[in-house]
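A short worksheet on the structure shown next.
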Amino acid sequence: SIMDTGSLAPGGPAVELGLQRLSFAYQNLSEIPYDTILQQQDTLEVLVLSYNLLDELLTEPGSFGGLEKLSTLILDCNNYNSHVKFPYMPSLTTLWLNKNKISNLPIIVEEICSKFPNIRFFSMMNNEAAPSYFNGGSLNQYVDYREYVISQIPSIEVLDDTEVQEKERELARKTYRMQRIREGSRKRKELHR
């Protein structure tokens, strides 16, 4: 077959069905090609939309919500901000939002908690909301960022490029326990509606 299964050339070849992986990286897209993506909704597990000009995800019925097998969504190097809205996707376990324009940590973390209940691998390096040595953040800011995310997303196993250690998880729980007691019961009620 002439087609590269897993990516679509800029010319847009004939659609091959049954793909597990689809990449639209480096296509200068300002809109997500939903029609092409949704043709793979029965089999698609990995969707890569990195290195584009994307700044929103449509959450109306018929957008990503129909991708019931999607486990990995890669959105690196786009223009997403803290207010991006995702559809509810319990199948998603991996989300990469590296190198976007995310500046408000609580807002993005709350969105991820409410839409991806089974997230295990989350990365948002090179965003203002994720301070690190590489973008001018101090060690204290980096530790606080990790503790906050880990305390709010209990299912997380790897944050950015670093595995979550049990000691780190305990410290995160202690540090953010009071905030969790106030907000946690409200969030749990919303999630289990």
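What's counted below: heavy atoms across the whole structure, side chains too, no hydrogens, waters or symmetry copies.
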- Query: Is Tyr145 close to Leu159 at the side-chain level, that is, under 4.5 Å between some pair of heavy atoms?
  - Reply: yes

- Query: Counting heavy atoms not belonging to Glu31, are there more than 12 under 6.0 Å from its CD?
  - Reply: no

- Which pair of heavy atoms, one from Gln152 and one from Cys113, lies closest together, and at what distance? O-SG, 3.0 Å

- Identify the two heavy atoms, one from Ala25 and one from Ser23, that lie closest to each other, and give their separation to 0.1 Å. N-OG, 3.3 Å

- Within-4.5 Å side-chain heavy-atom neighbours: Phe116 and Phe122: no

- Message: Side chains of Glu111 and Lys85, heavy atoms from C-beta outward: is any pair under 4.5 Å?
- Response: yes

- How many angstroms lie between CD1 in Ile150 and CD in Glu168, if you round to the nearest 0.5 Å? 3.5 Å

- Query: According to a 4.5 Å side-chain heavy-atom criterion applied to Ile, Leu, Val, Met, Phe, Trp and Tyr, with indirect links allowed, do Ile107 and Val84 form part of one hydrophobic cluster?
  - Reply: no

- Taking Asp55 for the side chain and Tyr80 for the main chain, is one N or O donor matched with an acceptor at less than 3.5 Å? no

- For Ser82 and Asn104, indicate whether the former's side chain and the latter's backbone hold a donor-acceptor pair under 3.5 Å. yes

- Message: One pair to check against side chain to side chain contact (heavy atoms under 4.5 Å, CB included): Val158 and Val164. What are the steps and the verdict?
- Response: CA-CA 5 Å; Val158 176; Val164 176; 5.9 Å; no

- Task: Take Leu54 and Leu29 through the test side chain to side chain contact (heavy atoms under 4.5 Å, CB included) and record every step on the way to the result.
- Result: CA-CA 6 Å; Leu54 302 171; Leu29 298 175; 4.1 Å; yes

- Item | Closest non-hydrogen atom pair, Pro131 against Gly137 | CB-CA, 4.0 Å

- From the list Asn100, Asn126, Asn98, side-chain hydrogen bond (donor to acceptor under 3.5 Å, both in side chains) with Asp76 holds only for Asn98

- Measure the spacing between CG of Leu44 and OG1 of Thr72 and express it to the nearest 0.5 Å. 9.5 Å

- Message: Within this structure, what is the OG-CD distance for the pair Ser30 and Glu56, rounded to the nearest 0.5 Å?
- Response: 10.0 Å

- Query: Stepwise, does the side chain to side chain contact (heavy atoms under 4.5 Å, CB included) test hold for Phe64 with Leu73?
  - Reply: CA-CA 10 Å; Phe64 281 173; Leu73 181 57; 4.2 Å; yes

- Query: How long is the span from the NZ atom in Lys115 to the CD atom in Glu110, to the nearest 0.5 Å?
  - Reply: 10.0 Å

- Tell me, do Ser91 and Lys69 make a side-chain contact under 4.5 Å, heavy atoms counted? no

- Query: Quick one: do Glu45 and Arg21 make a salt bridge, cutoff under 4.0 Å?
  - Reply: no

- Can you hop from Phe121 to Ile102 via hydrophobic side chains spaced under 4.5 Å? no

- Does OH in Tyr51 sit with more than 12 non-hydrogen atoms of other residues, nucleotides or ligands closer than 6.0 Å? no

- Does Glu68 reach the side chain of Asp42, with side-chain heavy atoms less than 4.5 Å apart? no

- With a 4.5 Å limit on heavy-atom distance, are the side chains of Ile156 and Arg169 in contact? yes

- Item | Ser50 side chain reached by Asn52 side chain, heavy atoms, under 4.5 Å | no

- Message: Is there a side chain to side chain contact (heavy atoms under 4.5 Å, CB included) between Ile153 and Ser155? Walk through the geometry before answering.
- Response: CA-CA 6 Å; Ile153 307 176; Ser155 58; 3.9 Å; yes

- Item | Ion pair Glu170/Lys174, N-O distance below 4.0 Å | no

- Query: How is the hydrophobic cluster of Ile74 composed, in terms of its other members, when Ile, Leu, Val, Met, Phe, Trp and Tyr link through side-chain heavy atoms under 4.5 Å apart, directly or indirectly?
  - Reply: Val46, Val48, Trp96

- Kindly determine whether Asn81 and Lys101 satisfy side-chain hydrogen bond (donor to acceptor under 3.5 Å, both in side chains), including the steps that lead there. CA-CA 5 Å; Asn81 66 34; Lys101 296 179 170 27; over 6 Å; no

- Between NZ of Lys99 and CG of Asn79, what distance do you get to the nearest 0.5 Å? 11.5 Å

- Query: Does a donor on one side chain sit under 3.5 Å from an acceptor on the other, for Tyr142 and Asp160?
  - Reply: no

- Item | Residues Arg173 and Glu166 bridged, charged N to O under 4.0 Å | yes

- Message: Does the plane of the ring in Tyr176 sit parallel, tilted or perpendicular to the ring in Tyr148? Use 30° and 60° as the thresholds.
- Response: perpendicular

- Quickly, which of Leu95, Ile108, Leu75 forms a side chain to side chain contact (heavy atoms under 4.5 Å, CB included) with Met124? Name it, please. Ile108

- Message: For the CG atom of Leu19 and the CD1 atom of Ile37, what is their distance to the nearest 0.5 Å?
- Response: 11.5 Å

- Query: Is any side-chain heavy atom of Phe24 less than 4.5 Å from a side-chain heavy atom of Leu47?
  - Reply: yes

- Query: Shortest non-hydrogen contact from Gln40 to Gly18?
  - Reply: OE1-N, 3.1 Å

- Query: Is a side-chain N or O of Asn127 found less than 3.5 angstrom from the main chain of Leu97, in a donor-acceptor match?
  - Reply: yes

